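The structure under discussion appears below in the form of C-alpha cells.
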Amino acid sequence: MRTPVDDYLADVLTRCRDNTDGALADYIPELACVDPSLLAAAVCMADGTIYAAGDVDHRFTIQSMSKPFVYALALRDLGEREVAARVGVEPSGDAFNQLSLGRDGRPRNPMINAGAIAVHSLIGGPDASDAERSRRILDGISAFAGRRLDVDDAVFESEFETSFRNRGIANMLRSVGVITQEPRDVVREYTRQCAIRVSVRDLAVMAVTLAMGGVNPRTRERVVPAWVCRQVLSVMMTCGMYDAAGDWMTSVGIPAKSGVSGGVLGALPGHVGLAAFSPKVDDHGHSVRGVRIFERLSRDLSLHLMEVQEARVRILQSSGEVELRDGTARHVQLRGALYFGSVERLLRELDDIPPGDALVVDLTEVAHINPIGRRMLLDAMARLGEGRRLVLVDPSGRLRNPRETGLDLDVVRKIADEQ
Ligand code: GLN
C-alpha cells in the first residue's frame with residue numbers, strides 16, 4: 001500500500017529537484033565523476049519501518065557520516081574517559097579539514113577530520129593492526145546499518161592518493177602524541193572508513209539506531225549502549241555540521257552529520273532516523289539539496305528539537321464512574337507519555353480528587369513511560385491509596401518493575417493485589 005508518507009517524501013524531492021546549486025566534491029577525483037542529478041531521501045521509524053523516495057538503491061560513500069558511528073564504537077569499547085583524553089567535544093567553528101588543535105593539544109571534536117582521525121586510531125586499542133582496525137570499523141558500521149556493507153575501492157584509492165591534507169593533519173596529531181601509529185597508515189585506514197558504501201535506506205537505519213538508544217530496530221541487535229548514543233547525538237548537534245552548526249540548529253534542529261559525497265543523516269532521539277542524498281555540496285561540504293530536504297522535513301513534520309511539545313499526558317474526558325464489585329469508583333483513564341513534566345502536572349490534577357473516593361487509575365492507553373515518570377507515578381499511587389480503595393489497571397505492566405524504581409516493594413504489591 002502506498003502511504004501518505006511515501007507520497008509526501010516524493011513531493012519533497014520534486015520541490016528540491018530544481019535546485020542545482022553547489023558543486024561536486026572534486027578534491028576527491030572519483031567524486032567528480034558522479035551523476036549530479038541523483039536525489040533520494042529516506043525515513044526510518046522507531047519500529048524499523050522504512051519510507052524512501054528517489055534513487056533509493058543508489059550507493060555512495062559514507063565519508064564524514066562515518067564519524068559519529070566510529071566515535072560511538074570507540075566510546076563503547078574504550079569508555080568515555082579514554083576517548084576524552086584524545087578528543088574534545090567543543091564546536092570548532094572551523095571547516096572540517098582545518099589543521100587545528102584546541103589549546104589543550106587535543107582535536108576540538110570528533111566530527112572534524114582531526115578528531116575523526118584521532119578516534120579512528122583508537123579502535124581496537126594501540127596494538128591492533130591496520131587490518132584489524134578496519135575490520136572492526138566495517139563490522140561496527142554494518143551492525144548500525146543492519147546489513148553487511150562493503151568498501152568502494154575506486155573512491156578509496158582516488159582519495160588516498162590525493163590525501164595530502166589529511167596526512168598533514170595526521171602528522172600534526174602524531175607530533176603531539178594524540179595518535180601513536182604511523183600517520184600514513186592511519187590516514188589510509190581512515191580513508192577506507194570514509195569509502196564504505198551506503199544507500200539512503202542504510203543511513204536512515206543507522207540514524208534511527210542512534211535515535212533509539214543503540215538498538216537497531218530491524219535486527220534488534222544492541223550495537224552500543226544508550227549512554228553512548230546520548231554522547232554521540234550531543235556532539236552531532238553541536239559539531240556535526242561544522243562551521244554551519246548554528247544555522248543548522250536554528251533552521252533544522254536535528255542532530256545530524258553530513259558527508260562530502262552528498263549524504264546527510266539526522267537522528268531525532270526516541271523518534272525517527274532521516275537521510276537525504278544529492279551529490280552537489282556547498283562551501284561547508286554539505287549537500288545543497290540534502291540541506292533543503294532536511295529543512296522541509298523538520299518544518300513539515302515538526303521535528304525541531306526546540307519545538308515546544310504539548311504536555312503529553314491527559315486524563316481522558318470520558319473518564320467517569322466505573323462499577324466495582326462493591327460499589328462505584330471514579331475512573332481516571334490516562335493517555336499519552338508519562339515523563340517528569342507530564343506526571344508532575346497529572347499529580348496536581350489528581351490532588352483535586354476528594355479524599356475517600358474509590359479510584360480506578362487506568363494505564364491501558366499510556367503509550368510510553370520513562371523511569372522518572374514511573375517512579376513519580378508509583379509514589380503518587382502509594383499516597384493516593386491511603387484511606388481509599390485504589391485499583392490500578394495496568395495490562396501492559398508499565399508500573400511493574402519495582403527494582404528500576406527503587407521504591408518499597410510493598411507499595412507495588414499493595415497496588416497489584418488490588419487488581
Ligand atoms: N573523507 C573525507 C575527508 O577526509 C571526508 C570529509 C567529509 O565528508 N566532510 O576529507
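All of these numbers come straight from a predicted model, not from anything done at the bench. When reading the values below, keep in mind they use all heavy atoms of this one structure, side chains included, and skip hydrogens, waters and symmetry mates. Atoms within each ligand, like the ligands themselves, are counted from 1 in listed order. Numbering starts at 1 and runs along the sequence shown.
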**Study point:** Short side-chain donor-acceptor distance under 3.5 Å, Tyr71 and Gln231
**Key:** yes

Point to revise | Ser163 and Tyr190 side chains, donor-acceptor separation under 3.5 Å | key: no

Distances under 3.5 Å, N/O of ligand 1 against N/O of the protein: list each pair and its distance.
residue  : atom   : partner : partner atom : Å
ligand 1 : 1 (N)  : Gln63   : OE1          : 2.6
ligand 1 : 1 (N)  : Glu159  : OE1          : 3.2
ligand 1 : 1 (N)  : Glu159  : OE2          : 2.7
ligand 1 : 4 (O)  : Asn113  : ND2          : 3.0
ligand 1 : 4 (O)  : Asn166  : ND2          : 2.9
ligand 1 : 4 (O)  : Tyr190  : OH           : 2.9
ligand 1 : 8 (O)  : Ser64   : N            : 3.0
ligand 1 : 8 (O)  : Ser64   : OG           : 2.7
ligand 1 : 8 (O)  : Val260  : N            : 2.8
ligand 1 : 9 (N)  : Ser64   : OG           : 2.8
ligand 1 : 9 (N)  : Tyr242  : OH           : 3.2
ligand 1 : 10 (O) : Tyr27   : OH           : 2.6
ligand 1 : 10 (O) : Asn113  : ND2          : 3.3

Point to revise | Between CG on residue Leu39 and CZ on residue Arg289, distance to nearest 0.5 Å | key: 5.0 Å

Practice item. For the pair Phe294 and Trp248, name the ring-plane relationship: parallel under 30°, tilted 30 to 60°, perpendicular over 60°. Key: tilted

Review point. Quick one: does Asp282's side chain have a donor or acceptor within less than 3.5 Å of a partner on Gly285's backbone?
Key: yes

Practice item. Please report the C-alpha distance between Ser134 and Glu189 in whole Å, then the side-chain angles of each, then the deciding distance to 0.1 Å, and finally whether the side chain to side chain donor-acceptor pair (under 3.5 Å) criterion is met. Key: CA-CA 6 Å; Ser134 260; Glu189 299 315 312; 2.5 Å; yes

